[in-house]
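Step one of this worksheet: look at the structure below.
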Amino acid sequence: MRTDLAVIGAGPAGLAAALAAARRGIRVALVDAAPRPGGQYFRQPAPGLGTEGAVPRHGRRTWTRLRAALAESAVDVRPEHHVWCVERESGGLTVHALLGPEQRESVDVRADAVLLATGGYETVLPFPGWTLPGVVTAGGAQAMLKGGLVTPGRTAVVAGTGPLLLPVATGLAAAGVRVAALVESTDPARLPRHARALAGKLPEAAGYAARLLRHRVPVLTRHTVVRAHGEDRLTGVTVAALEAEGRVRPGTERLLPCDALAVGHGMLPHTDLAETLGCRLDGHAVAVDAEQRTDVPGVWAAGEATGIGGAALALAEGHIAGRSVAARLRGTAPDPHDWAPAARIRARERTAAAALHALHGPPAHWGDGVPDDTVLCRCEEVTAGAVREALTLGAGDTRTVKLLTRAGMGWCQGRMCAPGVAALTGCPPTPSRRPFARPVPLGVLAARHDRPTPHDRPHPRSEEGPS
Amino acid sequence: MTSPESADAARAFEVTFDGRPVEALPGRTIAAVLWAAGITSWRTTRDGGRPRGVFCGIGVCFDCLVTVNGRPGRRACLVPARPGDVIRTQEGTGHED
């Protein structure tokens, strides 16, 4: 099929962009892997579960408005499309997507413009026991609760760092889970220096504080989980206080019995599709201009893909991107004054996001405390000891560590272990180049190979040479 | 492992996990069905034979791989449960060789 704009990702950024463009007469296909739009933030229980119960419902009013607008719009919503690659071809862009849930058949969506609203995923730093069943990412616990109305246990500890821990702890508590502790590594004494940037977030934070109090959730700041216990599943965690420089203060360890641990240390943007297209990155995020355009013609990006900043930022960026696409596809330059309110929100939210990022860095020296027998790479079962051995053999970057140990070569393509390997080796984490954003059946690739290839297809960016 | 609200039990259907009947509700993923039944692991790793289940919950980490109706390597957190699904613990790659 052929359309004007293909929006990849139906979370806040993708929804806002699709609606803004469609309202201006652009034909939009909204492509998403999930069975229903909403992304992670607006994830809804399946209709068959038919409930409005004790489910965390973020931005309920915003979601109601977006859902109604989408239903009234001409946007072509295409759920269960798992996009594995976007290619520039003569006369436009081609989005390749596996049809879910089977993911055996691939379809193409051709468009004049593509908006990457691919969202992000959670970072978890490794610690002993983090592979035990019952240990889940904070966002994973939330996704399972929002989408399936299920919880990972009866007594949970929520731990790590970052703003996501608050809705996860209050959401689990509201669902009837006893939250034994919210363990946040950041020292609240650091908050005042970011007070101005975060002033707009205070009402939200106060709401969470009230809910934590109501559910009697003990909050341990400047603490961390040092170990998860259990043989075949989680039975408890040891938490400890942190020194000012981020090391565990000896003698402060204590055991909290629990059968669930929801843990997270921030988020990273999904940039695979952008990288294959050759878009420039700024650190881990897709670099965009004031109109949310990447440096690749015809490709826009918005939301977490351009830097982790939350739903309000994603909505603003998506709206701006949608309006920019609408103008540019007609061959006109948009007038930024038209989207001034969204631009103000974008500026404010980016400032707040930078402050939250500075505030919620994971504890320094994390890698030093990881014992040799702790698994770093969950897929390939590569231990911290094996990675340290690679360093003694002369590995000076994460790529060489991967070649020597297989850390990062598994099913998840290093998405889960990259932050841990970086923390342990001291090598800066670099975005990995993944030509395909998800596993693709060989038959799908073989079928494509039989087709004639356009001559003007740009060559993929060449691999980095060894450093 | 609990279901926080009383969902519509009338529409429940059955799947099996390692031969045992397990009740499922429409719209739940295989991971959600297993969690609701108190099951948290359904894979053993290739090298260490260690148990694994849900980790990221959104299809990124591939820890929740499971064998469904004879096909291994399905992400339990993404695949919706269907009536009569035969779900089995995935040992290693799930391929017998």
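Naming convention: chains lettered A, B, ... in sequence-line order (proteins, then strands); numbering from 1 in each chain. It should be emphasised that the depicted structure is a prediction, and the values quoted were computed from it without experimental measurement.
Per-residue counts of heavy-atom pairs under 4.5 Å with chain B were compared for A/A138, A/A262, A/G140; the largest is that of A/G140. Contact tally against chain A (heavy-atom pairs below 4.5 Å) for B/G48, B/A31, B/P51, B/G57: the top residue is B/P51. Contact count versus chain A (heavy atoms, under 4.5 Å) is highest, among B/V68, B/L78, B/L65, for B/L65. Among A/M144, A/E122, A/M416, the residue with the largest count of heavy-atom pairs under 4.5 Å with chain B is A/M144.
Interface remark: A/E231 contributes backbone and side-chain atoms alike to the contact with chain B (heavy atom separation under 4.5 Å). For A/L132, the part lying under 4.5 angstrom from a heavy atom of chain B is the side chain only. Residue contact with chain A, scored on non-hydrogen atoms closer than 4.5 Å, involves the backbone and the side chain of B/R46 alike.
Closest of all the heavy-atom pairs between A/G148 and B/A32 is CA-CB, 4.2 Å. B/V54 and A/V136 make their closest contact through O-CG1, 3.4 Å (heavy atoms, listed as atom of the first residue, atom of the second, distance). Here the closest heavy-atom approach between residue B/V60 and residue A/R415 is recorded as CG1-CD, 3.5 Å. Counting all heavy atoms, side chain and backbone alike, A/C379 lies closest to B/C61 at SG-O, 4.1 Å. Closest non-hydrogen pair, B/F55 versus A/V135, comes out as CD1-O, 3.4 Å.
Counting heavy atoms from C-beta outward, A/T131 and B/R50 have side chains that stay 4.5 Å or more apart. With contacts defined as side-chain heavy-atom distances shorter than 4.5 Å, the pair B/I58/A/R43 qualifies.
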Original post:
Given A/T151 and B/W35, is the side chain to side chain contact (heavy atoms under 4.5 Å, CB included) satisfied, shown in steps?
Top reply: CA-CA 7 Å; A/T151 59; B/W35 270 21; 5.5 Å; no
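B/S41 OG to A/R233 CZ: the interatomic distance, rounded to the nearest 0.5 Å, is 8.5 Å. Note that CZ of B/R74 is 4.5 Å distant from CD of A/E102, once rounded to the nearest 0.5 Å. Taking CG of A/L234 as the start and OG1 of B/T40 as the end, the distance is 9.0 Å to the nearest 0.5 Å. Note that CZ of B/R75 and CZ of A/R438 are 6.5 Å apart. Values are rounded to the nearest 0.5 Å.
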Could you pull out every donor-acceptor pair under 3.5 Å between side chains of residues 406-413 of chain A and any protein atom, sequence neighbours left out?
residue: A/R406; atom: NE; partner: A/E380; partner atom: OE1; Å: 2.8
residue: A/R406; atom: NH2; partner: A/E380; partner atom: OE1; Å: 3.2
residue: A/Q413; atom: NE2; partner: A/G410; partner atom: O; Å: 3.1

For residues 264-271 of chain A, run the donor-acceptor check on the side chains, cut-off 3.5 Å, and write out each pair with its distance to 0.1 Å, sequence neighbours left out.
residue: A/H265; atom: ND1; partner: A/L125; partner atom: N; Å: 2.9
residue: A/T271; atom: OG1; partner: A/E275; partner atom: OE2; Å: 2.7

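Along residues 80-88 of chain B, the residues that come nearer than 4.5 angstrom to chain A, judged on non-hydrogen atoms, are B/P80, B/R82 in order of number.
With sequence neighbours excluded, the residues satisfying side-chain contact (heavy atoms from CB on, under 4.5 Å) with B/D47 are A/E381.
Under a 3.5 Å cut-off, the side chain of B/R52 and the backbone N or O of A/R378 do form a donor-acceptor pair.
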